[in-house]
Amino acid sequence: MEFFLQLLVNGISLGFLYALSALGFVMIFKSSSVLNFAHGELLAIGAFLFLVLSAWAKLPIVLAFALTLVGSFALGFIVERLFLRPLIGEALIEVIMLTVGLAAMFKGLLLFVFGGDIHDYPEFLPEGLSLQLGTIQVPSVYVAALIIGIVFLILFGFFFKYSSQGIYMRSVADNQPAALSLGVHVRRVFALSWAIAALVCAMSGIVLGIINGVNVHNLSGIGLKVFPVVILGGLDSIGGAILGGIIIGLLETFTGGYISTSLREIIPYIVLVFILMVRPYGLFGLVEIERV
Amino acid sequence: MENNIRLLINNISVVYSDVIQVLKGVSLTIKKGQIVSLLGSNGAGKTTTLKAISGLLKSENGKVTEGSIEYDGEPVQNSSPEEITRKGIIQVLEGRQEFKYLTVEENLRVGTATRWGKPFKKDLEMVYHYFPALLARKKNLAGYCSGGELQMLVMGRGLMAQPRLLLLDEPSLGLAPLLVKEIFQIIRRVNQELGTTLMLVEQNANMALQIAHYGYVMENGKIVMESDAEDLRENPDVKEFYLGTAASGALKSYKDVKSYKRRKRWL
Ligand SMILES: Nc1ncnc2c1ncn2[C@@H]1O[C@H](COP(=O)(O)OP(=O)(O)OP(=O)(O)O)[C@@H](O)[C@H]1O
Ligand SMILES: [Mg+2]
């Protein structure tokens, strides 16, 4: 029972990290129909940016964290402006190939600068953050994952639901010609969705870096898990991405805990294939509103 | 003279995809504070004319290749929709293009995109004042609204932008006669009370000419007739082809009904 609860808590924390980064992926897809194959690299870039600022430049942790968020936001913006914008209106396959190319380029650059070794952040999470729940002990990094996941998902929830900019973003995803006719700056919405995606990727990248160590292959591989997560949740559903993230997180820890650690890494992809066979639009994809 | 003109279209040609010429030398004038109606049958080029004004041609690979469009004396042809909407020209698209997964009130709020960050409470009140039906449904998803509510929604959404020139593309399409009457009354009130200049594209010539000050008739990408709305209403050709009241009216209106039905299924 104790083991079960331990796995449950770990799985949910991990799930929130997947959910957070999947939010970025879904947002880009919803607003501009682009499947971003460079998702894992965005995760890795965020994690390494934080490594540089915290371990190398030795900035205070809070400052390093804040600067990483600002930096990744800017990076997302720049990537859209520089690489994606010239391809607006081109065939989808070209845009997808571009993101594949970006992924290879980012990965190459990271390997060139940081090599393939595992780097470590300085110890900075206070011990007091860890939780004693009855007989189980939740390590501080999992508590941090939960806090970051929940806080930012709520923040983004409010942003999309109530702020004007969030409503403009949803309008573009919903009906782009109509949004254009009302003067919504559609290209700015694309850029903003890339910026937010890079930001949420950086956040989950940092926490995953604390858990597993900071390694290019490792982090970009975790980024690939966004596919099972969003296929499970439905490509166009933000709520689905969150649930999908938690489900995949739980599946992984339970498989690793009860069955085998080697199966753990592939279980998300087994689910992916299965879901594609039975429900290609995901479990929680948007219900199409049809007028009769 | 010059300064009571809101929009001056001077001999424009519009070409899609570099080869398909749709407008062939269209000229028209819209005076400040007026309702100007543009009539014509399917495929005449009415929507294309509106898109040339609002800049939305661009996203359909269309272009104004000749002539000029002056808005308050300033050339705007081939500007981007982002710029044109910010100058105060808003086009309400044909076929009620609501945001399905946004609530009614969220739909209205998208209308503030041209003046992001400015207060909009008063404008919401104004829209609910003209379209009380929307108030009751403000928390509902637009995707579940009726056709009449949607027409009010997209018009209200356009008004949220505080337009100085509002372009309406076939607001009466597919609505029951009573609702059409109500919609046209509201258009007239908006024009009289808010002073908004309007361009009204319609196939329902009868209703349009009752509220318009001036009218143009378009065929095959050209203006074939123009005059005060009253004169157009009395014109025998207009009567025959657009009002369906001449001797051969039964046949003409049957044709209208057919094409109208076909369109409704596409939407
Ligand atoms: N994007 C486009 N590319 C090529 N041709 C187009 C395009 N849009 C419209 N056309 C053509 O231009 C002509 C005029 O179309 P337009 O939509 O302006 O007509 P309309 O007067 O608004 O007709 P309706 O009453 O059916 O709405 C039609 O022959 C149409 O096929
Ligand atoms: Mg039309």
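- Cation-pi check for B:R189 over B:F184 is not met; the charged atom does not lie both under 6.0 angstrom from the ring centroid and within 45 degrees of its normal.
- No donor-acceptor distance shorter than 3.5 angstrom exists from the side chain of B:E60 to the backbone of B:G62, with no hydrogens or angles considered.
- In this structure, A:N36 and A:L42 have side chains that are in contact, with non-hydrogen atoms separated by less than 4.5 Å.
- Side-chain atoms of B:T85 and A:L182, non-hydrogen and from C-beta on, never get closer than 4.5 Å to each other.
- Both the backbone and the side chain of B:E106 come within less than 4.5 Å of a heavy atom of chain A.
- For A:A173, no part lies under 4.5 angstrom from a heavy atom of chain B.
- Judged purely by distance below 3.5 Å, without hydrogens or angles, the side chains of B:Q91 and A:S181 never pair a donor atom with an acceptor atom.
- Only the side chain of B:R86 comes within less than 4.5 Å of a heavy atom of chain A; its backbone N, CA, C and O stay farther away.
- Under 3.5 Å, the side chains of B:D123 and B:Q162 contain a donor-acceptor pair of N or O atoms.
- In this structure, chain B has heavy atoms under 4.5 Å from both the backbone and the side chain of A:Q165.
- For B:T114, the parts sitting under 4.5 Å from any heavy atom of chain A are the backbone and the side chain alike.
- Both the backbone and the side chain of B:L102 come within less than 4.5 Å of a heavy atom in chain A.
- No other option in A:V186, A:D174, A:L180, A:V184 has as many heavy-atom pairs under 4.5 Å with chain B as A:D174.
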